[in-house]
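Structure in structure tokens, see below.
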Amino acid sequence: EVQLVESGGGIVQPGGPLRLSCTGSGFTFAYYDMTWVRQAPGKGPEWVSSIPSGGGRGSYADSVKGRFTISRDNNKNTLYLQMNNLKPEDTALYHCARGGRWVAVPDRREWGQGTQVTVSS
């Protein structure tokens with residue numbers, strides 16, 4: 001069974017950092033591009049960032065570029081999102097998702113359960 005389990009969310013003040021992790025199981029993690037997608041209450045999903053199967057250069061939504069960094073460790077079947085200088089607008093449920101942006105974001109079956117990030121003073 002394919003599983004994606006996110007962790008690392010929490011409540012943080014504006015300007016603060018958080019690091020999210022996502023561990024995959026039930027599939028060959030290293031074969032897949034991976035994506036972070038977020039969803040605020042009452043809003044549609046928003047693509048955040050994606051990374052190729054082999055790691056290296058990631059791509060980012062304009063709203064997070066320069067603040068967030070995506071990475072992965074295929075030996076640990078784990079995807080990461082380092083978030084710096086967080087803003088209240090970043091408040092959302094963050095999901096990792098199997099596949100690149102155009103495959104994963106529209107298909108909720110490829111998402112993990114999510115971890116909540118709340119940015120508030």
Side-chain angles (χ1 to χ4, degrees):
E1 179 184 352
V2 173
Q3 286 193 297
L4 295 168
V5 180
E6 301 94 335
S7 62
I11 303 172
V12 64
Q13 293 187 63
L18 278 176
R19 190 194 197 203
L20 307 184
S21 298
C22 168
T23 299
S25 60
F27 67 102
T28 303
F29 186 86
Y31 287 179
Y32 287 83
D33 298 347
M34 295 294 291
T35 289
W36 287 100
V37 58
R38 67 188 183 186
Q39 192 161 18
K43 305 296 182 182
E46 180 186 12
W47 173 69
V48 176
S49 184
S50 296
I51 189 168
S53 59
R57 180 179 57 84
S59 56
Y60 302 89
D62 287 344
S63 58
V64 307
K65 192 171 297 183
R67 300 188 296 121
F68 291 10
T69 303
I70 191 170
S71 61
R72 65 193 294 164
D73 186 342
N74 286 343
N75 291 325
K76 297 180 179 179
N77 290 346
T78 300
L79 176 73
Y80 304 98
L81 186 68
Q82 178 66 50
M83 305 185 294
N84 296 324
N85 191 24
L86 283 161
K87 303 176 179 180
E89 308 94 272
D90 296 317
T91 296
L93 186 65
Y94 284 70
H95 304 265
C96 66
R98 189 173 66 160
R101 172 182 180 177
W102 304 110
V103 171
V105 173
D107 190 353
R108 298 176 188 269
R109 298 173 299 180
E110 300 293 342
W111 301 5
Q113 83 291 332
T115 186
Q116 179 67 37
V117 172
T118 301
V119 185
S120 177
S121 58

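Sequence positions, counted from 1, serve as the residue numbers for this chain.
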- Note on the structure: Minimal heavy-atom distance between Thr115 and Gly9, with the atoms involved, is OG1-N, 3.1 Å

- Message: Between Asp33 (side chain only) and Gly99 (backbone N and O only), is there a donor and an acceptor less than 3.5 Å apart?
- Response: no

- Message: Hydrophobic cluster membership, with links at side-chain heavy-atom distances under 4.5 Å among I/L/V/M/F/W/Y: are Val48 and Val119 in one?
- Response: yes

- Find out whether Val117 and Met83 are in side-chain contact, i.e. whether some heavy atom of one side chain is under 4.5 Å from a heavy atom of the other. yes

- Message: Asp62 vs Lys65, test: salt bridge (charged side-chain N to carboxylate O under 4.0 Å, His left out). Steps then yes/no.
- Response: CA-CA 5 Å; Asp62 287 344; Lys65 192 171 297 183; 3.7 Å; yes

- Item | Side-chain touch Phe29/Met34, heavy atoms, less than 4.5 angstrom | yes

- Answer yes or no: is there a side-chain heavy-atom contact under 4.5 Å between Asn84 and Pro17? yes

- Task: Return yes if some donor-acceptor pair links the side-chain N/O of Ser121 with the main-chain N/O of Gln13 below 3.5 Å, else return no.
- Result: no

- Rounded to the nearest 0.5 Å, what separation is found between the OG atom of Ser53 and the CZ atom of Arg98? 13.0 Å

- Message: Is there a path of hydrophobic side-chain contacts, each under 4.5 Å between heavy atoms, that joins Tyr32 and Ile70?
- Response: yes

- Message: Checking the side chain of Gln3 only, and the main-chain atoms of Ser25 only, is there a donor and an acceptor separated by less than 3.5 Å?
- Response: no

- Task: Mind listing the closest non-hydrogen atom pair of Glu6 and His95 along with its distance?
- Result: OE2-CA, 3.2 Å

- Validation row: Trp111, Leu4 side chains within 4.5 angstrom (heavy atoms): no

- Message: Below 30° counts as parallel, above 60° as perpendicular, anything between as tilted: where do the rings of Phe68 and Tyr94 land?
- Response: tilted

- Query: What closest approach, in Å, do Gly114 and Leu93 show between heavy atoms, and which atom pair accounts for it?
  - Reply: C-CD1, 3.7 Å

- Query: Which atom pair, heavy atoms only, marks the closest approach of Thr23 to Thr78?
  - Reply: OG1-OG1, 3.4 Å

- Short question: side chain of Tyr80, backbone of Thr69 - any donor-acceptor pair under 3.5 Å? no

- Message: Quick check: closest heavy atoms across Arg57 and Pro52, and the distance to 0.1 Å?
- Response: O-CD, 3.0 Å

- Would you find a donor on one side and an acceptor on the other, under 3.5 Å apart, between the side chain of Gln39 and the backbone of Ala92? no

- Looking at Ser71 and Ile51, what are the two nearest heavy atoms and their distance? CA-CD1, 3.6 Å

- Is there any side-chain hydrogen bond (donor to acceptor under 3.5 Å, both in side chains) pair reaching into residues 41-52, and which pairs are they, with sequence neighbours excluded? Thr35-Ser50, Arg38-Glu46, Glu46-Ser63, Trp47-Ser50

- Message: To the nearest 0.5 Å, what is the distance between CG on Leu20 and OG on Ser7?
- Response: 8.0 Å

- Query: Is there a path from Leu81 to Val12 through hydrophobic residues (I, L, V, M, F, W, Y) whose side chains come within less than 4.5 Å of each other?
  - Reply: yes

